[in-house]
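Values in this document were obtained by computation on a predicted structure and should not be read as measured data. Chain letters run A, B, ... following the sequence lines, proteins first, then strands; residues in each count from 1.
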2 protein chains.
Amino acid sequence: MNVSPLEEYGLRCAVQLAALPRGESLSAPEIAEREGLSVEYVSKFMLLLRRGGLVRTIRGIKGGFLLAKAPSEIALKEVFDALKQPKKAPRGFCDSFSGKSETCVRSKGCSIRPFWETLSRHVEEFTTRITLQDLLQGEEVTRGKTRAIALEGASRLKEEISV
Amino acid sequence: MNVSPLEEYGLRCAVQLAALPRGESLSAPEIAEREGLSVEYVSKFMLLLRRGGLVRTIRGIKGGFLLAKAPSEIALKEVFDALKQPKKAPRGFCDSFSGKSETCVRSKGCSIRPFWETLSRHVEEFTTRITLQDLLQGEEVTRGKTRAIALEGASRLKEEISV
DNA sequence: TCAAAACAATACTTTTTTGTCCGGTTTAAA
DNA sequence: TTTAAACCGGACAAAAAAGTATTGTTTTGA
């Protein structure tokens with residue numbers, strides 16, 4: 001239950017692009033310089049982000065990267081999804097079954113799944129609602145928005161319960 | 001942002017112990033059998049859980065493992081903490097600074113930290129409040145409790161805001 | 001007392017992930 | 001048309017994590 005380097009650095013690079021004036025681009029060496037990473041490594045993230053449709057590239061000398069959409073249109077979840085390991089499906093509880101068995105031993109009556117599902121849902125809610133724009137606007141806005149999400153989610157729960 | 005095998009399997013093994021009648025123990029081969037894991041692997045988890053103070057062991061033939069506390073006294077967070085890699089501090093955003101710099105490049109004005117902190121706090125809230133006992137009691141109870149936690153957290157937020 | 005079964009702990013192997021390297025293509029400008 | 005700077009993308013190396021093996025210690029009971 002932790003953040004992979006790919007996720008952190010990739011998000012940081014995306015934020016760098018989000019901070020640019022609309023229409024401007026940034027080259028890999030420039031991003032690498034700003035984030036203190038190697039150019040090669042940054043290139044790797046950017047390729048993933050491009051394949052995920054979040055970033056457009058300009059080739060040739062004077063080339064670089066820019067966001068494919070406005071920062072306010074890009075949810076953090078999109079960034080994380082783009083950065084996921086290409087082959088590997090993401091691990092949740094119960095996805096994995098252990099070596100000896102053909103399928104999850106507890107396909108039925110799993111004691112862990114309900115907890116895991118609820119938690120995942122909350123995380124997903126956050127990451128789909130917070131955008132690059134929100135991060136740009138800094139601490140105040142991010143905290144404010146997360147509060148709003150929590151409150152709203154809670155009212156929805158209340159309704160579900162009272163029905 | 002995913003669950004490590006250690007965390008999942010370790011928690012499962014803990015749940016196996018929680019399901020036992022009070023005072024009874026379970027041997028590594030028995031746990032391994034029930035979870036479809038190798039005995040050696042299970043032993044590894046159990047060692048971590050013991051070092052974390054969550055599990056007591058009985059040595060010798062007829063030996064085994066049992067919880068050191070009542071299932072209702074063991075929060076999931078304790079289990080996860082015990083299973084963390086011994087040396088490695090957990091990765092959060094901003095913990096890591098990249099190769100070239102001595103400290104995090106964005107020690108000040110980090111655009112990612114407030115988001116990350118808020119999310120972590122929520123996750124922590126869940127894992128400290130849900131216990132092994134809750135998992136045992138099944139889907140209904142777990143879902144109900146997670147709802148309650150969400151609602152309560154939201155009211156607290158409301159107070160903070162209105163002050 | 002001895003053997004069998006179980007925990008203890010560390011070393012080892014395999015797999016996955018992280019991060020780098022390098023030969024290729026594209027494009028702007030001299 | 002040549003050159004330099006940048007992206008492309010797969011191969012490769014290094015580090016971390018997952019999972020196994022092994023050797024040793026403890027205890028029960030024949």
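OP1 or OP2 of C/dT20 lies within a sub-4.0 Å distance of a side-chain N or O belonging to A/S38. OP1 or OP2 of D/dC8 lies within a sub-4.0 Å distance of a side-chain N or O belonging to A/T57. The shortest distance between the side-chain N/O atoms of B/R51 and the OP1/OP2 oxygens of C/dA8 is not below 4.0 Å.
You'll find that the side chain of A/I61 is closest to D/dA4, out of D/dT25, D/dA4, C/dA5. When each of D/dT20, C/dT10, C/dT18 is scored by its nearest atom to the side-chain atoms of B/Y41, the top-ranked nucleotide is D/dT20. Side-chain atoms of B/P5 lie closest to D/dA18 of the nucleotides D/dT25, D/dA18, D/dG9. Distances were taken from every side-chain heavy atom of B/R59 (C-beta onward) to each of C/dT18, C/dT25, D/dT26; the shortest belongs to D/dT26.
Between B/R129 and B/E125 a salt bridge is recorded (basic side-chain N to carboxylate O distance below 4.0 Å). Remark: B/E78 engages B/K69 in a salt bridge, criterion side-chain N to carboxylate O under 4.0 Å. By the 4.0 Å N-to-carboxylate-O rule, B/E8 lies close enough to B/R12 to be salt-bridged with it.
Closest approach of B/T127 to B/A75, counting heavy atoms only: O-CB, 3.6 Å.
When the P atom of D/dC8 is taken as reference, atom CZ of A/R56 falls 13 Å away, rounded to whole Å. In this structure, B/L49 atom CG and C/dA8 atom C1' are separated by 15 Å, rounded to whole Å. In this structure, the CG atom of B/L6 is 16 Å from the P atom of C/dT16, given to the nearest Å. Residue B/I58 contributes atom CD1, which lies 10 Å from atom P of D/dT28 at whole-angstrom precision. Counting to the nearest Å, the P atom of C/dA30 and the NZ atom of A/K62 are 10 Å from each other. The separation between A/L47 atom CG and D/dA11 atom C1' is 14 Å, rounded to whole Å. To the nearest angstrom, C1' of D/dC7 lies 13 Å from CG of A/L66.
Contacts of A/G63 with the nucleic acid, taken as non-hydrogen atoms under 4.0 Å apart, involve only primed sugar atoms and P, OP1 or OP2. Within the 4.0 angstrom heavy-atom criterion, no nucleotide atom of any strand lies near A/S43. A/R50 comes within 4.0 angstrom of sugar-phosphate atoms only, judged by non-hydrogen atoms across all strands, and of no base.
Residues B/T131 and B/I74 have side chains not in contact (no heavy-atom distance under 4.5 Å, counting atoms from C-beta outward).
The 5' end of DNA chain D is approached more closely, in terms of each residue's nearest nucleotide, by A/F65 than by the other of B/E40 and A/F65. In terms of position along DNA chain C, the nucleotide closest to A/F45 lies nearer the 5' end than the nucleotide closest to the other residue of the pair A/G60 and A/F45.
Between the side chain of A/K44 and the base of D/dG9, no donor-acceptor pair of N or O atoms lies under 3.5 Å.
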